[in-house]
Structures are given as structure tokens and as C-alpha cells.
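Written below as C-alpha cells is the structure these notes are about.
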Amino acid sequence: MKAPLSVMITHTETLKRNLKNDPQTFNHLHILDLESNRLSKLVNDLLTLASSDANNWSFIPSAVNIDTLLIHLYEQYETVCLQKNITLTLNLSDETYPVLYTDSERLLQILCIYLESAIHHAKQTPSIEIKTTLTSKQITFSIIDHGEGIKEKDKPYIFDRFYCADPSRTHQNNFGLGLSIATELAKRLNGTIGCCDTPLGGATFYLTLPINSYQKKKR
């Protein structure tokens, strides 16, 4: 399905560029473009989970510069947040980060899932914070939002596949797969994930990884 979807998206974008002076046709193409991208995201998420079930995910551990990774994450979503009037804050540790041996792309994928969830559930004039907590044995990455929060009845299920809390208010791009993908990725990185309430409202999603876990395995 990926190949035909890619062709559809490419040709739709070309038509949109050529038909800007025809508002009605442009609007139809815009809707087609949005839905094609939405379907493409669903296919990619399903393929990711299928790879996890088949135990054939590729992981490439290496020494990760945490400062660089977090700055990259911030810059990746800064413009999106500005467009939505969301204040995005990056709080780097005053301490020097240790070398973390993990798969940087998979780690970034988890944090992106958290950030996208926080953005979709943001309230008016919201704020989102990227934060780390460091101990001698582990590091915790947290995405803290002050949005609508998570109801008590939904908390046990939010990391389950296809679970959508309060479907009437669920963002149209949410198929209930993002957090379940984050769960599978965290397991492969020897980490743990979870969620708790943000003081004064909202939700905090976190990922805890052991420091130098891959280095110890290599030895």
C-alpha cells in the first residue's frame, strides 16, 4: 500500500500547485491530500507494529549526545507549536549529561509520539515542556503538557493498541497506535514508559532509560 499511496500524494501535491486559481478544485485536492497522508501514517504505524510482532526491528545502538538530540527535537516541533500558539520549552540539565548508548532514532521516535500527543490535546494558550531527570543509573525524558489531561477510567488502557480515549474528541489522525508503538520501542531499548498527572492539570509522559546499558552488554 505504501507505493500507490506515495504516488497519490505526489500527484495530488502537483495538481494543487497547478490549480491554485481554482478554489473549488483546490479544496477537493486539499482534502484528498490530507486523507492520503492520514492513510499513509496509518499504514506506516501498522507496519511498525507488525515488525515488532515479528521481532525483526532493526536497532543500531551508538553513543548519543543527549543535548544534541533534545535540541533537534525542540527545533523539529518549534514551528508547529508557534503556529498553534503553543509555548514549547526545553529545559536542559545543568549537569553534564553522561554518554547514553542507545538507538537515537528510536529514542527520538518515542519522544516525537509524546510531543504529537501533547500538541493534539492542547487547550487554549497551552504550554509544553521537554525535561530530563538524571540519576547515577538512569535518565528520564519527560514531555509535560497542561492540556485536558487523562481521565481515571482511561489511564489503564492508554498504551493499548487502538485505544482512543473519548472518541468524540479524539484528533482525526489518532488511530490509537502511537502510544502502543512507544511501548514496544521502549521495551527494545531496555526502558520503561508511563504517564502521570501534571500538577494543575494536564498529562506528563515519560521514558526512563538505563545509562550505558548497551555498553555493559557489549562488555
Side-chain angles (χ1 to χ4, degrees), residues 45 48-49 52 57-82 84 86-122 126-150 155 158-160 174 176-217:
D45 285 349
T48 299
L49 288 173
S52 172
W57 263 347
S58 61
F59 284 81
I60 307 174
S62 61
V64 178
N65 184 306
I66 298 174
D67 288 286
T68 301
L69 182 138
L70 291 176
I71 291 171
H72 175 69
L73 176 70
Y74 174 84
E75 291 176 342
Q76 187 173 342
Y77 285 91
E78 182 182 19
T79 302
V80 175
C81 288
L82 284 173
K84 296 179 177 291
I86 297 173
T87 302
L88 181 62
T89 305
L90 171 59
N91 287 328
L92 296 174
S93 174
D94 293 331
E95 304 176 44
T96 301
Y97 286 112
V99 175
L100 180 64
Y101 287 86
T102 188
D103 187 314
S104 61
E105 290 299 319
R106 300 301 190 181
L107 169 56
L108 189 63
Q109 188 176 354
I110 295 172
L111 298 179
C112 286
I113 289 171
Y114 283 172
L115 261 174
E116 288 170 6
S117 176
I119 290 170
H120 291 330
H121 293 89
S127 63
I128 298 173
E129 179 183 357
I130 304 169
K131 183 179 179 181
T132 58
T133 306
L134 196 61
T135 70
S136 59
K137 295 183 178 181
Q138 61 188 26
I139 181 170
T140 299
F141 301 87
S142 299
I143 304 298
I144 305 166
D145 72 58
H146 301 278
E148 58 195 26
I150 301 171
K155 288 180 180 178
I158 57 173
F159 291 100
D160 292 350
N174 179 21
L177 291 176
L179 292 177
S180 62
I181 290 174
T183 301
E184 297 298 328
L185 288 169
K187 291 177 183 176
R188 303 305 175 98
L189 297 180
N190 299 318
T192 57
I193 66 173
C195 177
C196 60
D197 293 331
T198 301
L200 303 180
T204 298
F205 285 87
Y206 60 85
L207 165 69
T208 300
L209 294 176
I211 295 172
N212 296 341
S213 59
Y214 281 103
Q215 186 182 45
K216 291 177 182 177
K217 282 186 175 183

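Numbering of residues begins at 1 and proceeds along the displayed sequence.
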One should read off an interatomic distance between Q109 CD and D103 CG, to the nearest 0.5 angstrom, of 9.0 Å
CZ of F141 to CG of L134, rounded to nearest 0.5 Å, is 9.0 Å
With a 4.5 Å heavy-atom cut-off, do L88 and Y74 have their side chains touching? yes
- Query: Yes or no on side chain to side chain contact (heavy atoms under 4.5 Å, CB included) for Q76 and C112, after CA distance, side-chain angles and deciding distance?
  - Reply: CA-CA 9 Å; Q76 187 173 342; C112 286; 3.8 Å; yes
Notebook entry, point to check: Can you tell me if T204 and S142 form a side-chain donor-acceptor pair at under 3.5 Å?
Noted result: no
#### Entry: Close side-chain approach of I211 and K137, heavy atoms under 4.5 Å
no
All heavy atoms of Y114 vs all of A182, minimum pair found to be CE2-CB, 4.4 Å
The reported gap from CG in L209 to OG1 in T192 (rounded to nearest 0.5 angstrom) is 8.0 Å
Only one of T132, I139, D67 passes side-chain contact (heavy atoms from CB on, under 4.5 Å) with S93, and that residue is T132
d(L90 CG, L73 CG) to nearest 0.5 Å is 8.0 Å
Note: S127 and H146 closest approach over all heavy atoms is OG-CD2, 3.0 Å
T183 and I193 have their tightest heavy-atom pair at OG1-CD1, 3.2 Å
Indicate yes or no: at least one non-hydrogen side-chain atom of T140 is less than 4.5 angstrom from one of L207.
no
Is the backbone N or O of I128 less than 3.5 Å from a side-chain atom of D145, with the two atoms forming a donor-acceptor pair by type? no
Review point. So I119 and C81, side chain to side chain contact (heavy atoms under 4.5 Å, CB included) or not? Walk me through it.
Key: CA-CA 7 Å; I119 290 170; C81 288; 3.9 Å; yes
Would a distance-only check, ignoring hydrogens and angles, find a side-chain to backbone donor-acceptor pair under 3.5 Å from S104 to V64? no
What one should report as the nearest heavy-atom pair of T89 and N91 is CG2-OD1, 3.7 Å
Output for pair (L70 CG, N65 CG), nearest 0.5 Å, gives 9.0 Å
Rounded to the nearest 0.5 angstrom, the CG-OG distance for L179 and S117 is 5.5 Å
Can you tell if the side chain of Y101 reaches within under 4.5 Å of the side chain of P61, non-hydrogen atoms only? no
Are E75 and I71 packed together at the side-chain level, in the sense that at least one heavy-atom pair is separated by less than 4.5 angstrom?
yes
inquiry  = When you compare the side chain of I144 with that of K131, does any pair of heavy atoms fall below 4.5 Å?
reply    = yes
Here the pair of heavy atoms bringing A63 nearest to V99 is CB-CG1, 3.7 Å
Closest non-hydrogen atoms of I110 and A186, given as atom of the first, atom of the second and distance, are CD1-N, 3.7 Å
